[in-house]
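First up is the structure itself, then whatever we jot down about it.
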Amino acid sequence: QSGEVAANPEQYDESYLCPVQVGQTTLNLDFDTGSADLWVFSTLTPKSESTGHSLYNPSTGTKKSGYTWDISYGDGSGASGTVYADKVVVGGVTATSQAVEAATSVSSQFEQDTDNDGLLGLAFSSINTVEPQAQKTFFDSVKGSLAKPLFTADLKKGAAGTYDFGYIDSSKYTGSISYVNVNTANGFWEFTASGYAVGSGSVSGSVGDAIADTGTTLMYLPTTVVQAYYNKVDSADYDSNQGGYTYDCSENLPNFLISLGGKTFTVSGTDINFAPVDSSGETCFGGIQENTGIGMSILGDIFLKSVFVVFDQTQSTPRLGFAAQ
Ligand SMILES: C[C@H](Cc1ccc(C(C)(C)C)cc1)[C@H](NN)c1nnnn1Cc1ccc2c(c1)OCO2
């Protein structure tokens, strides 16, 4: 089987939500290549926490008695609950008995994002949080039945993009795809990014260890790289209240060039201009921030909306393919 699903941006492209049939209900889920749990708001979630969300009704599923899940994300949010097996359909691709993690508790960040009905993890199943036995991601559940064991991400700035499962649509990218091998030891689509440049010119230095993470809004890079970037933005400075680099919204940001698999990709300055920090619209928060405390770099949506990415398990070593959109 193969299929395509729309990835609809929330405000400021903070995240991208995709319609997914879970049991007999269609939910809007955040596809997250940086985590491995498929969890949903459900009729088991306290009403005080689930107002405004679409809810999975586990009555159509089979309860996995004694199975629980509890996930904490790097931004401090989290959720927990119980586990059911049920039908999940993404763009026509069907997992007949997918582990569906029904939330019985969610953090305030999830309560507040009422468009988000849960996450669909697309990292490696080794980091699924279900106890006593880790469960397969949707991709792992359907991988064997896909025309090709791969999926692609084609996210866009302020417009609907797509995730494709089982095939590469060559109309979605230009030029050739350059591949890098993935190190799955931490359960992420983790690889080594090479040189970078600010504005234009030839790349140098090394970004280093990074993950391709559709579930993270921004790009988190080494301090040295981020300082080199904002040195080229006159009005920029580090604002500890905002927790990152801010600048005058009126200032044009330089492009950011990064070399992956021997090919240089350009993230345009306009894509790096993330969002105003308040309603005055004077000061803006940058889409490139420091990876301090995270332990690796994260190429999140700010980067991913510039490229076409292949999450490829056609070979014994998984690999990532990057092409210009
Ligand atoms: C944050 C997302 C997971 C998420 C997505 C959406 C949401 C809301 C809907 C409530 C907005 C919360 C959470 C990310 N997914 N791989 C993730 N999950 N675990 N680590 N990361 C990446 C990371 C790690 C550290 C950091 C960070 C990011 O931002 C700031 O510091």
Side-chain angles (χ1 to χ4, degrees), residues 7-18 20 27-41 45 49-54 69-81 101 103 105-129 137-139 153 155 163 182 184 186-191 209-223 226 238-246 274-275 277 285-304 309 311 320:
N8 301 301
E10 289 207 278
Q11 187 182 34
Y12 302 122
D13 299 347
E14 182 125 35
S15 57
Y16 294 82
L17 301 174
C18 308
V20 177
L27 304 177
N28 290 318
L29 302 185
D30 182 354
F31 283 24
D32 182 6
T33 59
S35 67
D37 284 50
L38 195 174
W39 74 263
V40 290
F41 277 81
T45 314
E49 297 178 9
S50 64
T51 309
H53 294 269
S54 298
W69 61 281
D70 186 339
I71 195 162
S72 300
Y73 296 109
D75 69 338
S77 64
S80 60
E101 301 171 31
S105 174
V106 302
S107 68
S108 59
Q109 299 95 325
F110 284 105
E111 267 180 61
Q112 287 154 22
D113 188 347
T114 51
D115 294 331
N116 179 307
D117 302 323
L119 264 66
L120 188 143
L122 291 167
F124 293 87
S125 302
S126 58
I127 56 172
N128 175 270
T129 73
T137 64
F138 171 78
F139 177 60
L155 301 180
Y163 288 95
V182 163
T184 62
N186 297 315
F188 300 120
W189 291 90
E190 189 170 356
F191 64 102
D209 183 30
I211 66 171
D213 186 354
T214 57
T216 290
T217 311
L218 308 182
M219 291 173 75
Y220 294 92
L221 302 173
T223 304
V226 178
Y238 188 88
D239 180 340
S240 48
N241 291 328
Q242 294 296 332
Y245 282 87
T246 62
F274 171 51
V277 299
F285 196 76
I288 287 178
Q289 296 295 341
E290 295 182 341
N291 68 1
T292 314
I294 297 178
M296 67 191 71
S297 290
I298 303 180
L299 298 188
D301 299 336
I302 292 284
F303 168 73
L304 295 170
V309 192
F311 295 80
L320 280 166

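When a ligand or atom number is given, it counts from 1 through the structure's own listing order.
Taking the side chain to side chain contact (heavy atoms under 4.5 Å, CB included) definition, one finds that Thr223 meets it with Gln227, Glu290, Thr292, sequence neighbours left out. In this structure, the ring-ring contact (aromatic ring centres under 6.0 Å, His included) partners of Tyr163, at least two apart in sequence or on a different chain, are Phe31. Applying the side chain to side chain contact (heavy atoms under 4.5 Å, CB included) criterion to Ser105, with sequence neighbours excluded, gives Glu49, Ser80.
Side-chain atoms of Val40 and Asp117, non-hydrogen and from C-beta on, never get closer than 4.5 Å to each other.
Within 4.0 Å of ligand 1, protein heavy atoms belong to Asp30, Asp32, Gly34, Tyr73, Gly74, Asp75, Ser77, Gln109, Phe110, Asp113, Asn116, Asp213, Gly215, Thr216, Tyr220, Ile294, Ile298, listed by chain and number.
For the residue pair Glu10 / Asn116, no side-chain donor-acceptor distance below 3.5 Å is found, with atom types taken as modelled. One side chain, Asp75 or Ser77, offers a donor N or O that lies under 3.5 Å from an acceptor on the other.
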